[in-house]
2 protein chains.
Amino acid sequence: MKKSIAIDMDETVADTLSRHIEWYQQHFSVTLNKENMRGHRIYDVVPEAHLTTVRQFPHHPDFFKGLAIFDDAAEVIKELSQSYDIYFASAAMEYPSSFAAKYDWLKKHFPFISEMNYIFCGYKGMLNCDYLIDDSSRHIDVFSGQGYLFDAPHNQNETQYKRVCNTNQII
Amino acid sequence: MKKSIAIDMDETVADTLSRHIEWYQQHFSVTLNKENMRGHRIYDVVPEAHLTTVRQFPHHPDFFKGLAIFDDAAEVIKELSQSYDIYFASAAMEYPSSFAAKYDWLKKHFPFISEMNYIFCGYKGMLNCDYLIDDSSRHIDVFSGQGYLFDAPHNQNETQYKRVCNTNQII
């Protein structure tokens with residue numbers, strides 16, 4: 001029986017941070033620099049006065065549409081799918097207006113993974129998979145299998161996790 | 001630590017079959033009788049000529065809106081939630097246009113269960129819960145914990161499963 005890998009979407013295969021920066025620029029005419037966001041989420045670096053607006057961005061049904069895919073993600077996951085059962089596990093319940101965009105995005109970029117292997121959830125402790133690759137340590141903390149922290153600007157100071165620094169390192 | 005129960009939606013807490021019968025009546029002016037559907041899904045009992053249309057019903061975004069909730073489901077699950085972690089696990093990936101209706105329905109009828117405990121998936125073998133209550137034996141077959149078949153007309157001939165005959169029996 002193949003072992004199973006659950007792969008997060010935002011900031012693991014989809015470049016959600018760039019969308020955040022793009023919308024922030026459009027709304028406030030300020031360009032955020034990813035280099036300055038090391039160890040911080042976007043909510044930590046914008047002025048207090050912008051926070052309510054920025055927190056609303058991901059609740060817009062267009063926010064998750066057409067996100068860029070990280071380099072090599074499709075090729076790497078296609079290769080992995082030969083030897084592992086691949087699931088995509090997104091904490092989409094945090095942004096219920098994102099369901100359609102997330103589903104369409106997965107269908108477009110990973111046509112070789114059945115939609116029966118998509119999981120839109122909240123709490124990732126309920127995943128029965130062998131491995132989880134996720135940029136959020138809070139999901140790895142509750143996962144019952146072996147978690148790997150996917151490198152992202154916001155998690156640079158989290159040193160207690162096994163880390164994959166880019167998509168190719170997953171292999 | 002509390003044990004966890006994953007509860008299916010359609011035909012376990014939500015009366016999806018009545019919606020099917022209602023839409024079938026509206027489209028074809030024929031009233032199906034649940035008593036005649038014992039051991040059969042709706043797709044088994046309608047004429048071949050109607051099948052394509054009937055199979056499309058659940059793909060309409062309104063199909064899952066405002067479904068009736070089964071008797072006592074809210075009260076029973078509220079009581080269970082005192083002693084168990086409750087998850088709702090729906091194979092919603094089969095009907096991606098159902099996401100919004102399913103989310104809204106759960107929020108309305110089970111406001112005491114966090115949306116972080118909703119799971120929209122396909123394959124229920126990836127659920128890490130102690131129990132699963134589901135009307136579809138194919139989900140119980142792949143579930144790693146203890147499954148209970150929730151009584152529904154279509155599953156009357158499936159005798160090899162532990163069965164709960166109504167919502168109160170879950171307790």
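What you see below is based on every heavy atom in this structure, not just the backbone, and it leaves out hydrogens, waters and symmetry mates. Chain A is the first sequence line, chain B the second, and so forth, proteins listed ahead of strands; every chain is numbered from 1.
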Minimum heavy-atom separation for B:G125 and A:N128, please, with both atom names.
O-ND2, 3.2 Å
In terms of hydrophobic clusters joined by side-chain contacts under 4.5 Å, are B:L127 and A:I119 together?
yes
Is the shortest side-chain heavy-atom distance between A:F99 and B:Y103 below 4.5 Å?
yes
Do any side-chain atoms of residues 65-72 of chain B form donor-acceptor pairs under 3.5 angstrom with protein atoms, and if so which ones, sequence neighbours left out?
residue	atom	partner	partner atom	Å
B:K65	NZ	B:D62	OD1	3.0
B:D72	OD2	B:N168	ND2	2.8

As a quick check of understanding, evaluate side chain to side chain contact (heavy atoms under 4.5 Å, CB included) for A:E94 and B:E115, giving each step before the final call.
CA-CA 8 Å; A:E94 295 173 19; B:E115 64 271 25; over 6 Å; no
Should A:Y123 and A:F120 be regarded as members of a common hydrophobic cluster, given that ILVMFWY residues are connected when their side-chain heavy atoms come within less than 4.5 Å of each other, either directly or indirectly?
no
In terms of heavy-atom contacts, A:M126 and B:Y87 come closest through CG-CE2, 3.8 Å
Taking atom NZ as the centre, does B:K2 end up with more than 12 heavy-atom neighbours from other residues, nucleotides or ligands that are less than 6.0 angstrom away?
yes
Nearest-0.5 Å distance that lies between atom SG in A:C121 and atom CZ in B:F88:
16.0 Å
Is there a path from A:M116 to A:Y118 through hydrophobic residues (I, L, V, M, F, W, Y) whose side chains come within less than 4.5 Å of each other?
yes
